Amino acid sequence: MIIDCHGHYTTSPRPHEGWRGEQIEAHKAGKPPPPRPRITDDEIRESIANGQLKVQRERGTDLTIFSPRAAGMRHHLGDATTSEAWASACNELIHRVCALFRKNFIGVAMLPQSARVSPKNCIPEIDRCVNEYGFVGINLNPDPSGGHWQDPPLSDRYWYPVYEKMVEYDIPAMIHVSASCNPTHHTTGAHYLNGDTAGFNQLMTSSVFKDFPTIKFIIPHGGGAVAYHWGRYRGLAQDAKLGLLSNLMLKNVFFDTCVYHLPGQELLAKVIPIDNILFASEMIGAVRGIDPETGHHYDDTKRYIDQLPLSATDKAKIFEGNARRVYGRLSAMIEKQSAR
Ligand SMILES: [Zn+2]
C-alpha cells in the first residue's frame, strides 16, 4: 500500500472558498456572516474524481492523508470566532470527502488558530474531528500571524494544551504554516520552508520531548532546510549541551518527502534515517508544473523514491510502514473504512 501523508483539498468547490471571502467581509463590517453554502455530494465527487483521485490512479498511490487547503487556513484573517467557523466548515468538508471515498482518503484537521489567542480554543475542534470524523492527525500552524511570528515558539508551554491532546489521542501534528501576509516571505517559496525549519529548531531547543515522550511531529516539505543543514543542527545541539541530535529528535520528529527533485530526495534519504521518512507529494498543491528535465510533474515524488538505491523493505517503510507507526490511529481507520 502506498500512503501519501500530505495532501490538501485544493480543489474544493468554489462556493466554499467564496463563503470565506464573504465571512471575512462581514466580519470587517461588524455584521454576522451569511449562511454557509449548500455543497452537494456530486460537487464534492466531481472535485475529487477529476483531481486528487485521478492523480492517485495515474501515479499508483492508494491513500492520501487529507486536510483542508493549507494556504486557505489564513489564521491571520478575522478573529478567533471566524477561525472557529472556518475550521469547522473546512474540516466538515474533508470528512465528507473521506466518507464518499472511503478507501482513498483519511482526514487530518486544520485548527481554529488565531495569532495571540491561546491554542486552548482548538481543543473542542480536535475532539470533534477525532471522535466524530475519525481524523488521524492535525496541522499545527506555528505562526498564525501569517509571516510576522507573533506567537511564542513551539517550545513554550503556551502550546501544551494541544500537545496534551495529541498524546491523549495518539495523533501527530504536521507543523504547517498558512499563507503569508508579509510580502517579504512568499507563501510557498519562503514562508512554508521557514516554518518547517523554525519549527524543527524550536522543538530542538525545548523540553517538549521530555514532557511528552511519545508525542510525534511531522516536518513537511522534506523538513525545510533541516536535512541539508543536519551538520549545523548537530553542532548547535552539541554546543548547547543537548546531546546527540539523533537521540534528541528522532524518536519524535519525522520528515515527509515533498522535495521536488531527485538530488533532494537522495540527500534526505542519506541524512535522515529511513524510519523517520514518510512518503508524501502534497498533490495537488504548490508546485503543479512538469519538470522539463524529466518530463514528469515535479510533485510526482513517488518516482524519486522508486529511484533511490534502497531495499524493498526500506521503501515499504517510507511508503507505508512509517505512516502507520506515526499516525497511531491510521491502521484501525484504514480497516474501518475498507470494511464498509
Ligand atoms: Zn501542505
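Both ligands and their constituent atoms are indexed starting at 1 by order of listing. Note that the numbering runs from 1 along the sequence shown for the chain. Computed over heavy atoms, backbone and side chain alike; hydrogens, waters and symmetry mates excluded. This structure is a prediction, so every number in the text was calculated from the model and none was measured.
- Ring orientation note: the planes of His191 and His185 are nearly perpendicular, at an angle over 60° on the 30°/60° scale.
- Side-chain atoms of Thr197 and Tyr233, non-hydrogen and from C-beta on, do get closer than 4.5 Å to each other.
- Here Arg45 pairs with Asp42 in a salt bridge; the nearest charged N to carboxylate O distance falls below 4.0 Å.
- No other N/O/S atom of Glu282 lies as close to the Zn ion (ligand 1) as OE2 does.
- Angle NE2(His6) to the Zn ion (ligand 1) to NE2(His176): 110° [nearest 10 degrees].
- Ion pair Arg36/Glu92 flagged as a salt bridge, since at least one NZ, NE, NH1 or NH2 atom sits closer than 4.0 Å to an Asp/Glu carboxylate oxygen.
- At least one N, O or S atom of His8, from either the backbone or the side chain, sits less than 2.8 Å from the Zn ion (ligand 1).
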